[in-house]
Enquirer: 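Below are the structure tokens for one structure; questions will follow.
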Amino acid sequence: GIHLRSLGVKTTPFTEVIGMVELWRDESRTQGLSFLGILGIPTGRKVKAKHQGIAYLAGIAGRVNTFGILTTDAIVHYDFTAGHLIVESGSVLRFMPNVFGVLDISTTFGNLRPNISLLPALKISVFPMTFIGIVYRIPVTAARDFTNQIYLQLEIGSH
């Protein structure tokens with residue numbers, strides 16, 4: 001699939017166009033492995049001493065489903081432009097048929113100390129394949145790009 005993601009078009013340096021190609025998927029179509037390619041397009045604020053052009057990233061994404069109520073995604077990708085390795089993991093737990101809890105952890109390894117953040121969230125399905133979420137992003141390490149952030153998210157998918 002193709003995804004478009006930005007953590008704030010005006011406040012972050014890039015909007016990401018993400019493409020995924022399936023490498024393997026089980027018969028239930030709930031677990032698998034994919035190749036991930038990301039093109040970061042400059043759309044936000046410019047930061048001195050940081051890369052300002054198009055960013056190129058590539059990696060592997062995997063998904064595991066446990067008992068039909070807990071789904072965990074893990075992504076490892078490399079930013080060829082900035083020279084960073086990014087490791088992310090996210091778990092979604094179904095509380096009720098249309099209410100989900102989310103916990104993501106993201107770590108960036110680069111020239112400096114690792115930059116780690118947690119992202120707990122609550123998502124509610126309002127229509128099939130359409131979710132509204134409230135997210136609170138927390139930096140864990142002293143190396144950070146932000147203090148705390150709150151997001152309101154609209155997610156629309158299709159088969």
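In what follows, residues are counted from 1 in the order of the sequence shown.
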Enquirer: Determine whether Asp73 and Ser89 make a side-chain contact, defined as any pair of heavy atoms from C-beta on separated by less than 4.5 Å.
Expert: no

Enquirer: With Ile75 as reference, evaluate Ile18, Leu36, Val87, Ile38 under the side-chain contact (heavy atoms from CB on, under 4.5 Å) test and give the passing residue.
Expert: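 Checked Ile18, Leu36, Val87, Ile38 against Ile75; only one passes side-chain contact (heavy atoms from CB on, under 4.5 Å): Leu36.
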
Enquirer: Out of Leu57, Thr107, Asn115, which residue meets the side-chain contact (heavy atoms from CB on, under 4.5 Å) rule with Ile86?
Expert: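 Output: one option passes, namely Leu57.
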
Enquirer: For the side chain of Ser91 and the backbone of Leu103, is there at least one donor-acceptor N/O pair under 3.5 Å apart?
Expert: no

Enquirer: Between Thr81 and Tyr56, is there a donor-acceptor pair closer than 3.5 Å when you use the side chain of the first and the backbone of the second?
Expert: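 Yes: the side chain of Thr81 pairs with the backbone of Tyr56.
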
Enquirer: Among side-chain atoms of Ser106 and Ser117, is any donor-acceptor pair under 3.5 angstrom?
Expert: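 Short answer, no.
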
Enquirer: Please say yes or no: joined through hydrophobic side-chain contacts below 4.5 Å, possibly via intermediate residues, are Phe80 and Phe109 part of one cluster?
Expert: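 Linked, Phe80 and Phe109 end up in one cluster.
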
Enquirer: Could you give the distance from CD1 (Ile116) to CD1 (Ile105), rounded to the nearest 0.5 Å?
Expert: 6.0 Å

Enquirer: Is it true that Ile124 and Phe100 fall in one hydrophobic cluster, defined by side-chain heavy atoms closer than 4.5 Å?
Expert: no

Enquirer: Going hydrophobic residue to hydrophobic residue with side-chain gaps under 4.5 angstrom, can you get from Val64 over to Phe67?
Expert: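 No, Val64 and Phe67 fall in different hydrophobic clusters.
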
Enquirer: What are the two closest non-hydrogen atoms of Thr30 and Asn65, and how far apart are they?
Expert: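 Taking Thr30 first and Asn65 second, the nearest heavy atoms are O-CB, 3.7 Å.
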
Enquirer: Output yes when a side-chain donor or acceptor of Arg63 lies under 3.5 Å from a complementary backbone atom of Leu33, and no otherwise.
Expert: no

Enquirer: Can Tyr136 and Tyr151 be said to form a side chain to side chain contact (heavy atoms under 4.5 Å, CB included), step by step?
Expert: CA-CA 7 Å; Tyr136 186 65; Tyr151 302 103; over 6 Å; no

Enquirer: Can you hop from Leu152 to Phe131 via hydrophobic side chains spaced under 4.5 Å?
Expert: no

Enquirer: Following the transitive rule for hydrophobic clusters with a side-chain heavy-atom cut-off under 4.5 Å over Ile, Leu, Val, Met, Phe, Trp and Tyr, establish whether Trp24 and Val21 coincide in one cluster.
Expert: no

Enquirer: Do Gln31 and Asp26 have a side chain donor and acceptor closer than 3.5 Å?
Expert: yes

Enquirer: Show your reasoning for whether side chain to side chain contact (heavy atoms under 4.5 Å, CB included) applies to Ile41 and Val17.
Expert: CA-CA 8 Å; Ile41 301 167; Val17 178; 3.8 Å; yes

Enquirer: Which pair of non-hydrogen atoms, one from Met20 and one from Ser34, has the smallest distance, and what is that distance?
Expert: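 Scanning both residues completely, I find the closest heavy atoms to be CE-CB, 3.8 Å.
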
Enquirer: Would you sort out whether Ile60 and Val76 count as a side chain to side chain contact (heavy atoms under 4.5 Å, CB included), showing the intermediate values?
Expert: CA-CA 6 Å; Ile60 298 290; Val76 177; 5.6 Å; no

Enquirer: Might you point out which heavy atoms bring Phe35 and Ala58 nearest each other, and give the distance in Å?
Expert: CZ-CB, 4.1 Å

Enquirer: Contact between Val102 and Leu122 at the side-chain level, heavy atoms closer than 4.5 Å - yes or no?
Expert: no

Enquirer: Do Leu119 and Ile138 come within less than 4.5 Å of each other through their side chains, counting heavy atoms only?
Expert: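 Answer no - side chains too far apart.
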
Enquirer: Would Met129 and Glu155 count as a side chain to side chain contact (heavy atoms under 4.5 Å, CB included) if you check the C-alpha gap in whole Å, the side-chain angles of each, and the deciding distance to 0.1 Å?
Expert: CA-CA 8 Å; Met129 302 294 293; Glu155 182 178 323; over 6 Å; no

Enquirer: State, to 0.1 Å, how close Gly90 and Asp104 come at their nearest heavy-atom pair, and which atoms those are.
Expert: CA-OD1, 2.9 Å

